Q: 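Can you keep this structure in mind? I'll have questions shortly.
What you see is a predicted model, and the numbers here were worked out from it, not measured in a lab. Residue indices begin at 1 and follow the sequence shown. Computed over heavy atoms, backbone and side chain alike; hydrogens, waters and symmetry mates excluded.
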Amino acid sequence: MERLPTAAMLPDSFLGARDDISMQMGLIWDQIKAPLIVPMLRLAVVLCLIMSVMLFVERLYMAVVIVLIKFFGRKPEKRYKWEPMKDDVELGNSAYPTVLVQIPMYNEREVYQISIGAACGLSWPSDRIIVQVLDDSTDTTIKEMVELECQRWASKGINIKYEIRDNRNGYKAGALKEGMKRSYVKSCDFVAIFDADFQPEPDFLWRTIPFLLHNPELALVQTRWKFVNSNECLMTRMQEMSLDYHFTVEQEVGSSTHAFFGFNGTAGVWRITAINEAGGWKDRTTVEDMDLAVRASLKGWKFVYLGSIQVKNELPSTFKAYRYQQHRWSCGPANLFRKMVMEIVRNKKVTFWKKVHVIYSFFFVRKIIAHINAFVFYCIVLPSTVMVPEVEVPKWGGIYIPSIITILNAVGTPRSIHLLVFWILFENVMSLHRTKATIIGLLEASRVNEWIVTEKLGDALRTLKAATKLPRKSRFRIGERLHLLELAVGLYLFFCGCYDFVFGKNYFFMFLYIQATAFFIMGFGVFEGSIKIPTPPPLRSPPPPGGGYCGLLLTPSSYSEKLKMARRVYLLPKSVLNAINKPQNPISVPLSFNLCTDSADNQTHQPQIEGPTENHNPTNIHDQQRHEQVRKLRVLLQQGRSETARRLIKSLILPGSPFSSPTELYTLFSLSAPSMKPTFCDMLLAACSESKMPTEAVELYSLMRKSGTRPCLASVNVMLESLVTSKQFGKTLELFSEIFESGQGIRPDKFTYGKAIQASVKLGDLERAGQLVNSMKMKRMNPGVFVYNVLLGGLCKEKKMRDAQKVFDEMIEGKVTPNLVTYNTMIDGCSKAGELEKAFELRERMKDENVEANMVTYNTMLSGLCRVKRIEDAKRILEEMEAHSFAPDGFTYSILFDGHFRCGDGEGSLALFEEAISKGVKINGYTCSILLNGLCKEGNIEKAEEVLKKLMETGFIPDVVVYNTIVSGYCRRGEIDKAILAIEQMEVRGLKPNCITFNSLIDKIRETKDMDMAEEWVKNMAKKGVFPNLETYNILINGYGQMCVFDKCFQIVEEMENKGIKPNIVSYGSLVNGLCKDGRLLEAEIVLRDMLSRGVLPNAQIYNMLIGGCCTVGNLKDAYRFLDEMAKTGISPTLVTYNALIHGLCKKGRLMEAEDHASQITSSGYSPNVITYNSLISGYSDAGNTQKCLELFETIKSLGMKPTLYTYHPLISGCIREDMALAEKLYGEMLQMGLVPDRVVYNALIHGYAEHGDTQKALALHSEMVNQNVYVDRMTYNSLILGHFKQGKISEVKDLVNDMKAQGLTPKADTYSLLVKGHCELKDFSGAYCWYRELFENGFLLNASTCHELTSGLQKEGREQMFAVLEVLSTRIGQDISHSVHLRWQPGVSLKESTVNSKKELVR
């Protein structure tokens, strides 16, 4: 039967309606297509083609680079220094750096054992590796399992730390950041990071660490991932293809070209210094690893990728897990690009091309364009062109470029080349999610910080899956299985395919149907099935390190409870454990039953025990005593007898009690009376702290925290106070942060903050102390007087008096009344900083506020006055002190002794000594040492011995310190033989000389530069049983360094290391100082780098030497480079730093910059000193700005500073050019101040007088120089010659030259030029000619202008013979008289030889 057409089967009315609607839709489509759809689609095609070309160029570029790398064999071992680690017999394990291995995890039930086991199996010296498990699990059962696993490895001797947090803030970044805060991390050099499913090989560290160790510029070593489940299914094969290209090409290219690539977040080793310098881990995006890598790169650090090292890990096995992972990996980079693009652009530490690589290649093309183009072009735009034939896509853009890109991507996994079609379809489906995630990241939409941990199955689960048939999921949840976006795109592609099938002229519909099918498969969740874990059979938990609970039966229902119980059991006595672990009588009751037989509750809830009952009571007296004490404590607390309970607890934690430690007491009581546990814990923690057992208190707190017990604030405060008292300041701050800054619910009070601030100040971390004070204020807690006193003490100790004054003013404004400690602290700070007027103002304020002074107040003021030699004022303070009934003690007299010695008044000190003896003041060893030391410094050692003899008559017994003072005195006076005799007298009196004794002697010998004798005495030390210490070797290094015998210095350093004495900062400082003074700055920097590599951190003094050396030679660029390095390492510039820079800038004439640095001194909390002003005066003097020099000079005097000779040098030199009278005035002031003129001052004045024609004064100063034994140099004679010429005294000039020669000063070119020019100016050309002949005979040249003046004068006077000779001489040495050009001599012939040859020819 013939088939009828459709039209014949439908009524005409229906046909008309259908045609009407079709015509109307077609008409609407035709109306909007040409003006709207076609232009928009064409624009979209153009944009997509541009993106395709960008992607193509990027892929092609990377392909070319990879080929070149393979062709030239540019392996990392060739680009960077790599040497295998070698054992050092002398240093042992200390030669290896300490490595931290971090394993962040979150509810990793299936893989936690694998990752921890692999990390603990890493081959590395056991005392140089720390495994840190960062567990953010919210499942308490998993938490207990992970902790037990850590304990199991710890029992095997592995240094493993189990760290948890109370929250998941920042997710992985937050966990890593919290882990880096632990105190033990400070000793680590590098950190290796592995996610919970990664399994590094045992030799991982041996192959990666050498790159970081030998290349200080490297921050990161990234290794490749190896996928253990890549063959599990088709989806994992697709993932392997994508990730293999990333590692094989992208990471390798970034490493080889720009030493930059994105850190993959795991399987890498970081330099901890680089992490800290980059700002640490940040949780602002979901790609914390990439964030850190970009920031570290912007700081100038380099990265290296090692494709030869592969670390096993697992790929997501479900489509759901893979989608979440790809969302995070696509959204995070886009969001990071948005946040950092301008920071990258503004960065000045990296090159322009590296910025282009990071912004364009790394972020824009690979992280944004690649995702958007894959979806928009191939799944939206290309299918749309089917319905708009007016828009054509060129074949090169639609076929050729995509094909080449696809082939290039397949290079990473050659074994999967046959799966290329499936990979294309799979990647196009995933591009939908990646594009959505990229847009979310760029716009910072709601899911921008979504973090869902990728589900992992682990090897154990796969084994279980293979052995057990899993039950199929019976329920079908549409919300879980249907993905509307995939279905919508699939429908769109299917519609476009149908349209192309009906109306198209090509076979594009085939691709559209296949791609639509792929979207439908994913949209209907065909691969979305989840694997359910069957209930495992009962397991026997592994025993803890101490053994003891191996018989406990664990079932799934009570797994968590039994784990908690097991943690407590291993702390129980062995007898109790033996009773519990009877295999024939397993007990399924709380373990506290055996310890609570007296409790009424336990009698009520007595459990039923299967089998015959046994007596579980302790079997020995020791156990009985412990349980009896626990029972007593429980009864006392039940009765409310808290004080008695406290006394009992204190007695139980002392040595000799039945309990071995407070933690044992805590464990037993916790099991005995859980309801009273919080009260007991607070008492026990306070008792440990009050009994000066801070270590035990911290251990107890850790145990309490693990068991979920939170101590009260009072007990925490007592513990913090105990830690501060025992000087464990770092631990104090660590606990403060852990308890109060991690959100544990305990609110700190003023006392708590006070202890934390006190610990910060003691550590010298004033910045942290300030932050804590601000934190108090933010929490509306006004700091009390204790906090202010602590902060003031720290600032005064650092001599930051401006900041201290601000804090003091803030204290007053806050209506906090200063007490005696406050005033004493401020007075002491002002006195030590030389601000005595401020100290007196504070003393007057004390009187106004009725704050009574004490001995400390008076001694502090006396010390300040004596330090600046104001003895008369000190005597008035002493009178006031005695008027207030304060009798001077030995310490007071030691201050007064020191003050008199500072003033050079040794007799006054002796008079005070007699006064003290007459008043019966007890002179102790310290006071005696001050007096003897002062006398020895004055060279009055005989008198010091008389004083010692007199003290011995009063019963004083001298010790080694006193005799060391005598030895030091003889050494200071240069009487080495008498110093040796004093050492022998010590030995006669039965006192054994120590290192200080010998070091004083060796140091003095070092000053004489007799290093052979110094080394001989080092050997004598050893013979006498006193072995050289670090200071001894430092003296030798300093001696050889000053003599520039640096090879010997390095030999001594090597000898120190061989003897187990580690060179310190002084050792290296002596080397650096010597090298800098010798101008060998490059070698000095090499020593600096060697310091850092050996773990000796340089201080400000080291950097000051380098900066000063650079400024001395005018290399300001390197000086500022070292300044930047100081800032990076957290070292603040000191006053010496600023002075060195100011000196260098002034030498270069960059006075405005020097002034800026001078102002920075004040803002940094320091005060400019006389050296600062001397440099500025010198700079302005060289610039000819005498007025500014004088203004700075007045500033020095107004600030109470004493000008030095170096102040007057530039002042006098500058004034003689303008005002000789002012120069004389300055010279007079200098003499009045007791400053002895040196050669520079005399030369400046003599030159000034000579210039002004006052020869008599110039000669008088010359005579004074001779009388004062001041060395007279050529400059002095030149100035005198100039003065005589100005007065026309030619005969005296001849006498001066003869005197000059008689003094052994041979005239040089400058003197002869002055003589010739002086005679020419006096029209004595014959005399000038004679001096010229002598100049010529000594091999010197005359400058062109003077030579021309001489020849012209000889011609005018008609001295043809002299002129002819002069012409011959000048011609022979190449000097053209008529044009006055400079010397030209024959190549290879020296000037002196040329001169001699000319004389010979002249004679011929």
Side-chain angles (χ1 to χ4, degrees), residues 52 55 59 225 227 229-250 314-331 366-367 369-380 382-383 399 401-438 454-455 481-494 496-497 508 510-530:
S52 294
L55 200 57
R59 291 289 192 268
W225 297 359
F227 313 108
N229 64 333
S230 58
N231 294 324
E232 184 171 336
C233 62
L234 185 61
M235 188 180 72
T236 55
R237 289 289 289 273
M238 302 300 102
Q239 295 178 56
E240 182 190 38
M241 293 178 69
S242 300
L243 288 171
D244 276 353
Y245 177 82
H246 167 71
F247 284 104
T248 307
V249 179
E250 291 181 346
E314 179 181 336
L315 290 166
S317 300
T318 64
F319 183 61
K320 179 180 178 182
Y322 185 61
R323 277 194 300 111
Y324 282 130
Q325 183 195 71
Q326 291 303 299
H327 173 85
R328 190 170 75 247
W329 286 6
S330 302
C331 177
R366 299 184 203 169
K367 309 300 180 186
I369 294 297
H371 303 328
I372 295 176
N373 188 60
F375 176 71
V376 174
F377 191 28
Y378 303 113
C379 299
I380 301 295
L382 271 179
I399 299 175
I401 284 182
S403 300
I404 295 173
I405 291 175
T406 303
I407 293 170
L408 291 175
N409 274 282
V411 171
T413 315
R415 76 186 187 95
S416 301
I417 194 76
H418 60 288
L419 301 174
L420 205 56
V421 174
F422 296 99
W423 180 77
I424 294 171
L425 299 173
F426 180 76
E427 283 297 293
N428 284 343
V429 174
M430 291 309 303
S431 67
L432 165 64
H433 298 285
R434 292 174 182 143
T435 301
K436 183 179 71 171
T438 301
T454 306
E455 180 185 3
R481 298 291 294 273
L482 290 183
H483 304 293
L484 298 182
L485 278 176
E486 283 90 340
L487 292 175
V489 177
L491 287 172
Y492 170 74
L493 293 173
F494 184 79
C496 293
F508 189 47
M510 297 176 64
F511 166 75
L512 294 174
Y513 281 146
I514 297 173
Q515 189 64 70
T517 304
F519 272 95
F520 286 140
I521 290 173
M522 299 301 180
F524 285 113
V526 175
F527 296 136
E528 193 69 6
S530 59

Q: Could you report the tightest heavy-atom contact between His371 and Thr435, atom names first, then the distance?
A: O-OG1, 2.9 Å
Q: Under 4.5 Å between any side-chain heavy atoms of Gln515 and Val429, yes or no?
A: yes
Q: Can you give me the closest heavy-atom contact between Lys367 and Thr438, atom names plus distance?
A: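 Heavy atoms of Lys367 and Thr438 come nearest at O-OG1, 4.0 Å.
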Q: Which pair of heavy atoms, one from Tyr245 and one from Arg59, lies closest together, and at what distance?
A: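 Distance-wise, the nearest heavy atoms are OH-CD, 2.8 Å.
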Q: Starting at CG of Leu382, measure out to CD1 of Ile380 and round the result to the nearest 0.5 Å.
A: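 If we round to the nearest 0.5 Å, Leu382:CG and Ile380:CD1 are 10.5 Å apart.
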Q: Measuring from Phe377:CZ to Ile401:CD1, what's the distance to the nearest 0.5 Å?
A: 8.5 Å
Q: Taking all non-hydrogen atoms of both residues, which atom of Ala370 and which atom of Leu55 are closest, and how far apart?
A: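 Looking at all heavy atoms of both residues, the shortest contact is CB-CD1, 3.9 Å.
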Q: Does Gln239 reach the side chain of Gln326, with side-chain heavy atoms less than 4.5 Å apart?
A: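 Answer no - side chains too far apart.
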Q: Starting at OG1 of Thr248, measure out to CG of Leu243 and round the result to the nearest 0.5 Å.
A: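 Between atom OG1 of Thr248 and atom CG of Leu243 there are 10.0 Å.
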Q: I would like to know whether Leu491 and Phe520 meet side-chain contact (heavy atoms from CB on, under 4.5 Å); could you show each step before the answer?
A: CA-CA 8 Å; Leu491 287 172; Phe520 286 140; 3.9 Å; yes
Q: Where is the tightest heavy-atom contact between Asp244 and Phe227, given as atom of each residue plus distance?
A: OD1-CE1, 3.6 Å
Q: Less than 4.5 Å apart, any side-chain heavy atom of Phe494 and any of Thr517?
A: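 Not touching, per the 4.5 Å side-chain cut-off.
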Q: Do Leu487 and Phe519 touch side chain to side chain, with heavy atoms closer than 4.5 Å?
A: no
Q: Is it the case that the side chains of Ser52 and Asn373 hold a donor-acceptor pair, with the cut-off being a distance below 3.5 Å and no angle test?
A: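 Asn373 vs Ser52: donor-acceptor pair found between side chains.
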Q: Could you give the distance from CG (Leu315) to CH2 (Trp225), rounded to the nearest 0.5 Å?
A: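 Atom-to-atom, Leu315:CG and Trp225:CH2 are 9.0 Å apart.
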Q: OG of Ser230 to CZ of Arg237: how many Å apart, nearest 0.5 Å?
A: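 Here the interatomic distance stands at 7.0 Å.
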Q: Are Ile514 and Leu425 close enough that some pair of their side-chain heavy atoms sits under 4.5 Å apart?
A: yes
Q: Does a side-chain heavy-atom distance below 4.5 Å link Leu485 with Lys436?
A: yes
Q: Could you work out, with ring-ring contact (aromatic ring centres under 6.0 Å, His included) as the rule, every residue matching Phe375, not counting sequence neighbours?
A: none
Q: Would you name the heavy atoms of Tyr492 and Pro383 that are closest together and state the gap between them?
A: CE2-CB, 4.0 Å
